[in-house]
There are 2 protein chains.
Amino acid sequence: MPLSGSASDADDRLKLDRQLCFPLYAATNLLQRLYRPLLAPLGLTYSQYLVMMVLWDRKSVSVGELQNCLYLDVGTLSPLLKRMERDGLVTRKRDPADERRVLVNLTPHGDKLKSAASQVPIMLAANFNSDPADMQQLYELSTTLVGRLSDAVTACKD
Amino acid sequence: MPLSGSASDADDRLKLDRQLCFPLYAATNLLQRLYRPLLAPLGLTYSQYLVMMVLWDRKSVSVGELQNCLYLDVGTLSPLLKRMERDGLVTRKRDPADERRVLVNLTPHGDKLKSAASQVPIMLAANFNSDPADMQQLYELSTTLVGRLSDAVTACKD
DNA sequence: GCCATTTATATGGCAAGCCATATATTCGAC
DNA sequence: GTCGAATATATGGCTTGCCATATAAATGGC
């Protein structure tokens, strides 16, 4: 007999259908697959869409602020923003007040996309039926989880 | 994805903090960041870990069955399995009964990893404190969502 | 003011992840 | 049996996403 935990405990823990992380992972992949055809006509990927949402709201942000908003690595954001600049969605320029910082702003084209983008959430929701109360619950639980995970990740760094 | 369709105008729908998809996306990224240092000693990435969980349970699966289990594209799985074969985790061979199919099996080394891997979920959970009841709820809600999203994705294909 | 430290962003290398397309095998209509 | 359709996997091209490392600018101690 094992000293701590039975073999079936270990077995159980490694079952796909006993892992919380897996449905989150699968849902995220599937959601991006559903977003893709809705965002492609706007010339946006899902993560670019997230950046745009921050910019439509706040007009101007630094790369570091985007990191905090989106929980992404700089190594992800830097090339992402470069492509967005290449595609005429945003501009990037050094902050005169602090030359280390890079400020990201919308181009007129990027700004204009906002009205078309406002239909995207509606079109996405039309793709599948979901109980609004469940979705609200899911939103709250996952938002709380993100807070804890974010703390855990930053705690690891130190 | 909008949380409520009725009272929100276009601006509201495009707020990051009104979108269900975003916390799921952020949680998935953060989780993979926490998994990485736990899985790296085993020579596994998160998606490889998922494949291994299927194999530890079922011994032998085809690429297509993995697609169904993990909700991943073949274009993702094919190179993934190739790397896993290169790294001595699995073997791949054509099914004699149907030469179109490729059967994936564990190597002895891959099989041996199971006992070390059984500690990973425990170590991960130790990284952040979460209410078990909330996690259970989150698991159920996200699993339901995955079902609906999966249906929606396959519906799009036809 | 000067130098070490911190802070903000960039780059390179690698693994995913998707789509569109290509190839090989099997199945079906006939 | 034969040929076209369906099925299973592979490949190429692109974007993410991360880490480790590099560079440049600001900060603090002296």
Side-chain angles (χ1 to χ4, degrees), chain A residues 25-40 43-51 61-68 70-87 89 92-104 149 153 156-158, chain B residues 25-40 43-51 61-68 70-87 89 92-104 149 153 156-158:
Chain A
Y25 165 87
T28 299
N29 284 338
L30 290 167
L31 275 167
Q32 292 206 42
R33 244 181 279 178
L34 288 176
Y35 264 116
R36 188 181 305 266
L38 302 179
L39 291 173
L44 293 174
T45 64
Y46 182 65
S47 32
Q48 291 174 0
Y49 174 60
L50 293 178
V51 171
V61 281
S62 70
V63 177
E65 286 166 333
L66 281 173
Q67 263 189 89
N68 293 332
L70 303 179
Y71 304 96
L72 289 173
D73 193 86
V74 210
T76 301
L77 281 170
S78 240
L80 177 61
L81 294 167
K82 214 166 168 182
R83 284 186 294 270
M84 292 180 75
E85 184 177 45
R86 177 201 66 193
D87 297 343
L89 296 163
R92 296 187 305 155
K93 66 170 193 297
R94 292 277 163 185
D95 183 348
D98 181 345
E99 290 279 343
R100 290 171 305 179
R101 292 157 52 87
V102 166
L103 296 178
V104 183
L149 292 173
V153 165
C156 278
K157 294 283 180 184
D158 312 327
Chain B
Y25 166 86
T28 298
N29 285 338
L30 290 167
L31 275 167
Q32 293 207 43
R33 244 182 279 179
L34 289 176
Y35 264 116
R36 187 182 304 266
L38 303 179
L39 292 173
L44 293 174
T45 64
Y46 182 66
S47 34
Q48 292 175 1
Y49 173 61
L50 293 177
V51 171
V61 281
S62 70
V63 177
E65 286 166 334
L66 280 173
Q67 263 188 88
N68 294 333
L70 303 179
Y71 305 96
L72 289 172
D73 193 86
V74 210
T76 301
L77 281 170
S78 240
L80 177 61
L81 294 168
K82 214 166 167 181
R83 284 186 293 269
M84 292 180 77
E85 183 177 47
R86 178 200 65 192
D87 297 343
L89 297 163
R92 297 187 304 156
K93 67 171 191 295
R94 292 277 163 186
D95 184 348
D98 182 344
E99 292 277 344
R100 290 171 303 179
R101 292 156 52 88
V102 167
L103 297 178
V104 182
L149 292 173
V153 165
C156 277
K157 295 282 181 184
D158 312 327

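In what follows, every chain begins at residue 1, and chains take the letters A, B, ... in the order their sequences are listed.
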Below 4.0 Å: OP1/OP2 of dA10(C) and any side-chain N or O of R92(A)
yes

In the structure I gave you, are the side-chain heavy atoms of T28(B) and Q32(B) within less than 4.5 Å of one another anywhere?
yes

Taking side chain as C-beta onward, heavy atoms only, is L89(A) less than 4.5 Å from L44(A)?
yes

Is the shortest side-chain N/O distance from R101(B) to OP1 or OP2 of dA24(C) below 4.0 Å?
no

Whichever of R33(A) and S62(A) has its nearest DNA chain C nucleotide further upstream toward 5'
S62(A)

Would you confirm whether R101(A), through its side chain, and R94(A), through its main-chain N or O, come within 3.5 Å as a donor-acceptor pair?
no

Assess whether one donor atom and one acceptor atom, taken from the side chain of R100(A) and the base of dT9(C), lie less than 3.5 Å apart.
no

Note: for L30(B) and L77(B) on DNA chain D, the residue whose nearest nucleotide lies more 5' is L77(B)

For atom OH of Y35(B) and atom C1' of dG17(D), their distance in whole Å
18 Å

Does dT15(D) have OP1 or OP2 sitting under 4.0 Å from an N or O in the side chain of R86(A)?
yes

Between M84(A) (CE) and dT9(C) (C1'), how many Å, whole number?
17 Å

Students often get this wrong, so: under 4.0 angstrom with heavy atoms, is L80(B) touching a base, only sugar-phosphate, or nothing?
sugar-phosphate

Give a yes/no answer on whether the side chain of Y46(B) brings an N or O atom under 4.0 Å of OP1 or OP2 in dG17(D).
no

I want to check one thing: is the phosphate of dA16(C), taken as OP1 and OP2, less than 4.0 Å away from some side-chain N or O of Q48(B)?
yes

Is G75(B) touching bases, backbone alone, or none of the nucleic acid, heavy atoms closer than 4.0 Å?
base

Using a heavy-atom cut-off of 4.0 Å across all strands, would you classify Y25(A) as base, sugar-phosphate, or nothing?
sugar-phosphate

Picking from dT9(D), dT16(D), dA10(C), which would you name as closest to the side chain of V74(A)?
dA10(C)

When the nearest nucleotide of DNA chain C is assigned to E99(B) and to T76(A) on a heavy-atom basis, which residue is associated with the more 5' position?
T76(A)

Round to a whole Å and report the spacing from CG of D95(A) to P of dT7(C).
17 Å

Counting just side-chain N and O atoms, does Q32(A) come under 4.0 Å of either OP1 or OP2 of dT15(D)?
no

Over how many whole Å does the gap from L31(A) atom CG to dG17(C) atom C1' extend?
14 Å

Measure the spacing between CG of L70(A) and OG1 of T76(A) and express it to the nearest 0.5 Å.
10.5 Å

R83(A) side chain: which of dA10(D), dC18(D), dT15(D) is closest?
dT15(D)

From dT16(D), dA10(D), dA10(C), pick the nucleotide closest to the side chain of S47(A)?
dT16(D)

Using a heavy-atom cut-off of under 4.0 Å over every strand shown, decide if D98(A) touches base, sugar-phosphate, or nothing.
sugar-phosphate

Could you state the CG-P distance from D73(B) to dG12(D), rounded to the nearest angstrom?
16 Å

Between atom CG in L39(B) and atom C1' in dA16(C), what is the gap in whole Å?
14 Å

Do side-chain atoms of D73(A) reach the backbone of G75(A) as a donor and acceptor pair under 3.5 angstrom?
yes

When the ring planes of Y25(A) and Y46(B) are compared, do they come out parallel, tilted or perpendicular, using 30° and 60° as the limits?
perpendicular

Report the distance from atom CG of L50(B) to atom C1' of dA15(C), rounded to the nearest whole Å.
14 Å

May I ask you to say what L72(A) touches in the nucleic acid, namely base, sugar-phosphate or nothing, with a heavy-atom cut-off under 4.0 Å?
sugar-phosphate

Among the nucleotides dT15(D), dC18(C), dC18(D), which one has an atom lying closest to any side-chain atom of N29(A)?
dC18(C)

For D95(B) and A97(B), indicate whether the former's side chain and the latter's backbone hold a donor-acceptor pair under 3.5 Å.
yes

Under 4.0 angstrom between K82(B) side-chain N/O and dT9(D) OP1 or OP2
no

Taking atom P of dA10(C) as reference, at what distance in whole Å does atom CG of L81(A) sit?
8 Å

Among dA15(C), dC18(C), dT9(D), find the nucleotide with the atom closest to the side chain of T45(B).
dA15(C)

